[in-house]
Engineer: 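Before we start, here is the structure in question, set down as structure tokens.
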Amino acid sequence: MELRVLPGPADVTRAGADLIADAVRHRPDLVIAWPTGRTPVPLYEELETRVARGDLDFSRLRGFNLDELVAPNDDPRNFRTFMAQYAWWRAGRAAGRFEIPDGAADPEREQARYEAAIAAAGGLDLCLLGIGTDGHVAYNMPGKAELAVHVTALPDSVAEELKEPVERRPIRAVTMGLGTLRAARRVVLFATGASKVEALRHLASGPEDDRWPCTYLTKHPELVVLCDRAASPDGP
Ligand code: PGA
């Protein structure tokens, strides 16, 4: 694992955008897996700025979201809405090249379709990831390691973050599995803030442990972690 500790969140954003820009310049038709959450928002804004300036061309890019809630497509909480708001390169308008699980489809059928779609694209070249304070990556939650794309029930802690009303919990999501993430040719994980220190310590040291799903990536030969000082597993 290559750990790059940067002074603050803005430096993490810049380093991530530079890394993506270099990779896309080198191979414009790259297949990238995209996260949602708070951490990638400034990254997506920075990419949007670069696309709008003409410094970055996403017109041939292909993308797959890491996960999606099992919910109607027009549900304001779902990740399709998030990606349309922050990403899917608003200036580039290349929405047809970006895929996300269909949260309104039959979940079991959708997991098979999504797995096949990623394989048909030739697999993931670059997987961009956030990390939960409990070590979850995509929606691979602690306690159960599933390798393929699958449907998972989200615990209350996640449902709370999504502002899900109590009567609708547990909610479910379709997510890439740990094997899907691990099969990516390169993985770049972003983490900012002191709440991520413990998860990054497990990621940095392993061993592979279901209770910390991020440890399934510890031995990935092309894993880059971009974090700020506050999140550094070696201390601030
Ligand atoms: P966050 O989420 O970016 O909102 O901290 C991380 C994650 O759940 O992967």
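Start at 1 and go down the list; that is how both ligands and their atoms are numbered.
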Engineer: Does any non-hydrogen side-chain atom of N73 lie less than 4.5 Å from one of R80?
Structural biologist: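 They are in contact (side-chain heavy atoms under 4.5 Å apart), so the answer is yes.
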Engineer: After noting the C-alpha distance and the side-chain angles of D125 and R27, does the key distance pass the salt bridge (charged side-chain N to carboxylate O under 4.0 Å, His left out) rule?
Structural biologist: CA-CA 10 Å; D125 294 309; R27 262 218 33 219; 3.2 Å; yes
Engineer: If the threshold is 4.0 Å, N to carboxylate O, is there a salt bridge linking R182 and E208?
Structural biologist: yes
Engineer: Assess the pair F64 and Y114: is the distance between their ring centroids shorter than 6.0 Å?
Structural biologist: yes
Engineer: Between the protein and ligand 1, are there any N or O atom pairs that come within less than 3.5 Å of each other, and if so, what are their names and distances?
Structural biologist:
residue, atom, partner, partner atom, Å
ligand 1, 3 (O), R38, N, 3.3
ligand 1, 3 (O), T39, N, 3.0
ligand 1, 3 (O), T39, OG1, 2.6
ligand 1, 4 (O), R38, N, 2.9
ligand 1, 5 (O), K196, NZ, 2.7
ligand 1, 8 (O), H136, NE2, 2.7

Engineer: Side chain to side chain contact (heavy atoms under 4.5 Å, CB included) with R53: which residues, sequence neighbours excluded?
Structural biologist: T49, R50, D55
Engineer: Counting N and O atoms only, with roles assigned by atom type, does the side chain of S232 sit under 3.5 Å from a partner on the main chain of R229, one being a donor and the other an acceptor?
Structural biologist: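 It does not hold such a pair.
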